[in-house]
Amino acid sequence: MPPEPNAAQGASPGALPGRRLSPMMILVLCGVGAAALAMGLRQSFGLFLAPMTAANGWTASGFAFAIALQVLVNGISQPLCGQLADRIGGRNVIIGGAVLYMLGILGMALSDGLPLFTFFAGLVMGVAVSAAGMPVIMASMTRLLPESQRGRATGLGTAGSSFGQFLVVPLAGFGIAGFGWQGALLVMAGAALLMVPLALPLNDRPAPPPTTAAGRAAAAAEETAGQTLRRAFRSTSFWCLFFGFFVCGLHVSFLAVHLPGFVASCHLPSYVGAGAISLIGLFNVAGSLISGELTQKWRRRELLVAIYASRAVLMTIFFLAPKTTGTVLAFSAVMGVLWLSTVPPTVALCARNFGMRWLATVFGLVFLGHQIGGFTGAWLGGLIFDRTGSYDLMWIISILAGVFAALVHLPIRDAARPAAVPA
């Protein structure tokens, strides 16, 4: 079992003798596994748009609104789940989220109308994704690991999320083909409970109140959650991270929900859409690992500028290129490298600027920006397609948003050499 933090402030590398490496490996592997399963399940929902709307007579925008609401509720509830994790430990919150995951997917499978589907897919799943999602998992891993390993572990966790997308999305596609959309959702509901054992090593529950006078004095001097949040809300860096992550969410949700439909609108085979989402997940394994390493060595601010600018350039090239199976898969591979590579430098900048004690809360608020963007990308994509019969306007909006995100990160406060003072 990893050490009970007090490690909330981060252990020094020298404090971990060789015999502690095995528990640390278990911690990282379980955190990566939980993030992989959570991300893989939620990123599969776009595959259900076509069969569920056809079977139930729903509109694309109606289905997309339910998924967009999930993203928005995820964002709104993420700071609350982060605050809960900061107070009672990430393990307990993730286990509760896994149970909600199961109930939400089960409700989606059994819904007999769009309002009930929207309740389970939007509201229940929105809270579930917050409780058992990457921000809580990443914050728990960051607190439990020594400073020298945090950027790398965050990259591993993000890569694990992408591997889950690579692995689970095609399995969900095969499940739909073999068992129908309802049967596939029932299997996914059962799989969600596998997150419970994976959460057990993420025991970052805060230490009990100190009993000595010196300990009480140190605790009294520690910044409270309210003080940290007031400092964050007055910070330009916080709002730059917030609005930059808004664009990340817009891109990710638009592509996750609508890329299979866009592929179908280009008269390409249905397997190309599922393959595109899977390929994004596969290549983001490499992208996240590279980002985690660069987070240890580069200025995090410049890394984020480069990622968002690269997205804008890539989307422009793809928008103008002929839409063939080859161009779709090439776009997906390169986009995969950029997909969640924003997470390690964003988490590191939150830790650097606002400290470790309330990291899940602060990152949860930044993640709210991501999910507001996600709601916008998922819902607006469906609305534009219903109104125009094309995704062209949404591609243009996404390109301009990438340019905005590259620019908005420039004022963020960052140290010249992040590796010298690890966060």
Side-chain angles (χ1 to χ4, degrees), residues 5 7-10 31 35 74-75 78-87 90 93 130 133-145 147 149-158 161 204 222-249 288 291-292 294-296 298-305 307-308 340-373 405 408-415 418-419 421-423:
Q9 300 301 317
N74 174 204
Q78 189 67 68
L80 303 177
C81 290
Q83 177 73 188
L84 193 62
D86 284 335
R87 293 185 181 278
V93 175
S130 292
M134 189 166 53
V136 172
I137 294 171
M138 292 298 98
S140 295
M141 290 177 64
T142 299
R143 272 195 289 261
L144 288 167
L145 290 168
E147 292 181 351
Q149 297 179 22
R150 287 174 186 160
R152 184 171 296 115
T154 306
L156 281 168
T158 310
S161 297
D204 63 333
E222 187 178 72
E223 196 173 40
T224 66
Q227 290 170 332
T228 300
L229 293 181
R230 285 192 292 272
R231 183 161 61 88
F233 291 153
R234 292 194 298 265
S235 167
T236 300
S237 294
F238 173 84
W239 292 110
C240 289
L241 289 168
F242 181 92
F243 288 111
F245 231 30
F246 171 94
V247 173
C248 183
S288 298
S291 178
L294 293 179
T295 294
Q296 300 288 113
W298 284 13
R299 287 192 180 185
R300 291 82 183 258
R301 177 183 62 208
E302 276 76 1
L303 181 56
L304 287 167
V305 170
I307 291 169
Y308 285 109
L340 293 177
S341 56
T342 57
V343 174
T346 300
V347 173
L349 284 169
C350 287
R352 177 175 295 280
N353 282 281
F354 308 109
M356 296 296 301
R357 175 63 182 91
W358 303 105
L359 177 59
T361 304
V362 173
F363 182 58
L365 285 166
V366 172
F367 195 76
L368 171 60
H370 185 282
Q371 299 308 84
I372 294 173
V408 82
H409 282 90
L410 292 174
I412 292 176
R413 183 169 63 87
D414 194 9
V421 190

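The structure presented is a predicted model; accordingly, all values stated were derived computationally and were not measured. Counting begins at 1 with the first residue of the sequence.
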Derivation and outcome, side-chain hydrogen bond (donor to acceptor under 3.5 Å, both in side chains), residues Gln83 and Arg87:
CA-CA 6 Å; Gln83 177 73 188; Arg87 293 185 181 278; 2.7 Å; yes

> Do any N or O atoms from the side chain of Arg231 and from the backbone of Asn353 form a donor-acceptor pair under 3.5 angstrom?
Replying inline: yes

Heavy-atom side-chain contact between Trp239 and Phe243 under 4.5 Å:
yes

Practice item. Side-chain contact test, heavy atoms from C-beta onward, threshold under 4.5 Å: evaluate it for Leu368 versus Phe242 and give yes or no. Key: yes

The reported gap from OG1 in Thr361 to CG in Asp86 (rounded to nearest 0.5 angstrom) is 3.5 Å

Taken to the nearest 0.5 Å, the spacing of Ile372 CD1 from Asn74 CG works out to 11.0 Å

Closest non-hydrogen atoms of His409 and Arg301, given as atom of the first, atom of the second and distance, are O-CG, 3.0 Å

d(Leu304 CG, Ser291 OG) to nearest 0.5 Å is 7.5 Å

CG (Leu365) and OG1 (Thr228) are apart, to the nearest 0.5 Å, by 11.0 Å

**OP:** Would you indicate whether the side-chain heavy atoms of Thr342 and Tyr308 approach each other to under 4.5 Å?
**Re:** yes

Residues at least two apart in sequence or cross-chain that pass side-chain contact (heavy atoms from CB on, under 4.5 Å) with Leu80, listed by chain then number, are none

Heavy atoms of Trp358 and Thr224 approach each other most closely as NE1-C, 3.3 Å

Partner of Phe238 under ring-ring contact (aromatic ring centres under 6.0 Å, His included), picked from Phe233, Phe245, Phe363, is Phe233

Cys240 and Ile412 have their tightest heavy-atom pair at CB-CG1, 3.5 Å

Scanning both residues in full, the closest heavy-atom pair of Ser130 with Val136 reads O-CG2, 3.5 Å

Here the pair of heavy atoms bringing Gly90 nearest to Ser140 is CA-OG, 3.4 Å

Verify, without hydrogens or angle tests, whether Arg413 (side chain) and Ser237 (backbone) share a donor-acceptor contact under 3.5 angstrom. no

Residues Ala351 and Leu359: closest non-hydrogen pair is N-CD1, 3.9 Å

When rounded to the nearest 0.5 Å, the distance separating CG of Leu241 from SG of Cys248 is 12.0 Å

Whether His370 side chain and Val366 backbone form a donor-acceptor pair below 3.5 Å: no

